[in-house]
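The figures that follow rest on heavy atoms only: side chains count, while hydrogens, waters and symmetry mates do not.
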Amino acid sequence: LEYSKLFSKHSEEIAEVIASPHRDDLFIGGTLEADARSLVLYRGSLEPLVIPISWFKLPGNPRLSSKDFEVTDFGQTVRIGTIEAAADAILYDFDPEARRRAKQRSRANDTSFCGGLRRLRLQRGLRRDEFDGISAKEIGRLERGEVTNPRAETLGKLAHALGVRPAEIATY
């Protein structure tokens, strides 16, 4: 009975991960290759990803078996021995495409002035060099948050080019 409850729980989690629009960034399971000192993780898209066990920085030189490995939290956490790692951290280090997606999500969730400016510029289909009186380099500095208090004149030029009031830029 214990085993069937555990299997049912994991089956529900696996089904949810596979159905997720972010299944490429979640894991459903894997195989611990102790002799090869690697871990083969399977994403919700069923794509494998090979990770060296040394990445987990396990204390000492432990002998590992399959019971020392687990994917939990609906594919968001990988455990080897006593060490847990977030799927995002693993993917950030080993998958350039996942790293790109993570950066896109981060920019999309940025509620600062610089995030609003970048989203609004892209929404309007403008390149950085299409702002009269503001260089592309300055637009880049504004979008990266390197300029924290833009001058009123700069805000006016931005707003004019974007077709909004200066105070609205950060709301996008």
For D129, does the CG atom sit with more than 12 other heavy atoms under 6.0 Å from it, leaving out its own atoms?
yes

How many angstroms lie between atom CZ of R128 and atom CZ of R118, to the nearest 0.5 angstrom?
6.5 Å

Report yes if the side chains of F56 and I90 come closer than 4.5 Å at any heavy-atom pair, otherwise no.
yes

Cluster question for you: counting only ILVMFWY and a side-chain heavy-atom cut-off of under 4.5 Å, with indirect links fine, are L122 and I169 together?
no

Same cluster for I51 and I83 if Ile/Leu/Val/Met/Phe/Trp/Tyr side chains link at under 4.5 Å?
yes

Of the non-hydrogen atoms in A85 and W55, which two are nearest, and what is the gap between them?
CB-CZ3, 3.6 Å

Taking the side chain as everything from C-beta on, heavy atoms only, tell me whether F131 gets closer than 4.5 Å to L162.
yes

Could you tell me whether the side chain of I134 reaches within less than 4.5 Å of the side chain of E153, counting heavy atoms only?
no

Is the count of non-hydrogen atoms from other residues, nucleotides or ligands lying under 6.0 Å from R151 atom CZ greater than 12?
no

Check R121 with E143, please: is the shortest side-chain N to carboxylate O separation under 4.0 Å?
yes

Please evaluate residues K103 and Y92 with respect to the criterion side chain to side chain contact (heavy atoms under 4.5 Å, CB included), reporting the C-alpha separation (whole Å), side-chain torsions for both, the decisive distance (0.1 Å), and the verdict.
CA-CA 10 Å; K103 286 183 179 184; Y92 197 87; 3.5 Å; yes

Quick one, T31 and Y42 - any side-chain contact, counting heavy atoms below 4.5 Å?
yes

When rounded to the nearest 0.5 Å, the distance separating CG of D95 from CZ of R100 is 9.5 Å

Closest heavy-atom contact between V40 and P48?
CG1-CB, 4.0 Å

D88 vs R101, test: salt bridge (Lys or Arg N to Asp or Glu O under 4.0 Å). Steps then yes/no.
CA-CA 10 Å; D88 289 344; R101 287 190 301 273; over 6 Å; no

Would you call R99 and L91 a side-chain contact if the rule is heavy atoms closer than 4.5 Å?
no

Atom of A87, atom of G75 and distance for their closest heavy-atom approach
CB-O, 3.5 Å

Stepwise side chain to side chain contact (heavy atoms under 4.5 Å, CB included) test for L158 and I139:
CA-CA 9 Å; L158 290 170; I139 296 295; 3.4 Å; yes

In the structure I gave you, are the side-chain heavy atoms of D25 and R105 within less than 4.5 Å of one another anywhere?
yes

Where is the tightest heavy-atom contact between E13 and D73, given as atom of each residue plus distance?
OE1-N, 4.0 Å

Point-to-point distance, once rounded to the nearest 0.5 Å, from CZ of R141 to OG of S135:
8.5 Å

What is the minimum heavy-atom distance between L39 and I53, and which atoms define it?
N-CG1, 4.1 Å

Flag yes if more than 12 heavy atoms outside R165 fall under 6.0 Å of its CZ atom; otherwise flag no.
no

Taking side chain as C-beta onward, heavy atoms only, is F113 less than 4.5 Å from T171?
no

Is I18 linked to L26 within one hydrophobic cluster, defined over Ile, Leu, Val, Met, Phe, Trp and Tyr using a side-chain heavy-atom separation of less than 4.5 Å?
yes

Does R79 come within less than 4.0 Å of E70, counting only side-chain N to carboxylate O?
yes

Test side chain to side chain contact (heavy atoms under 4.5 Å, CB included) on L49 and R43 and set out the steps.
CA-CA 8 Å; L49 181 67; R43 304 170 195 232; 3.8 Å; yes

I want to check a possible cation-pi pair here: R119 against Y172, using under 6.0 Å from ring centre and within 45° of the ring axis as the test.
no

Tell me, with the steps shown, if F69 and L41 meet side chain to side chain contact (heavy atoms under 4.5 Å, CB included).
CA-CA 10 Å; F69 164 72; L41 292 168; 3.8 Å; yes

Any idea which heavy atoms bring L142 and C114 closest together, and the distance?
O-CB, 2.9 Å

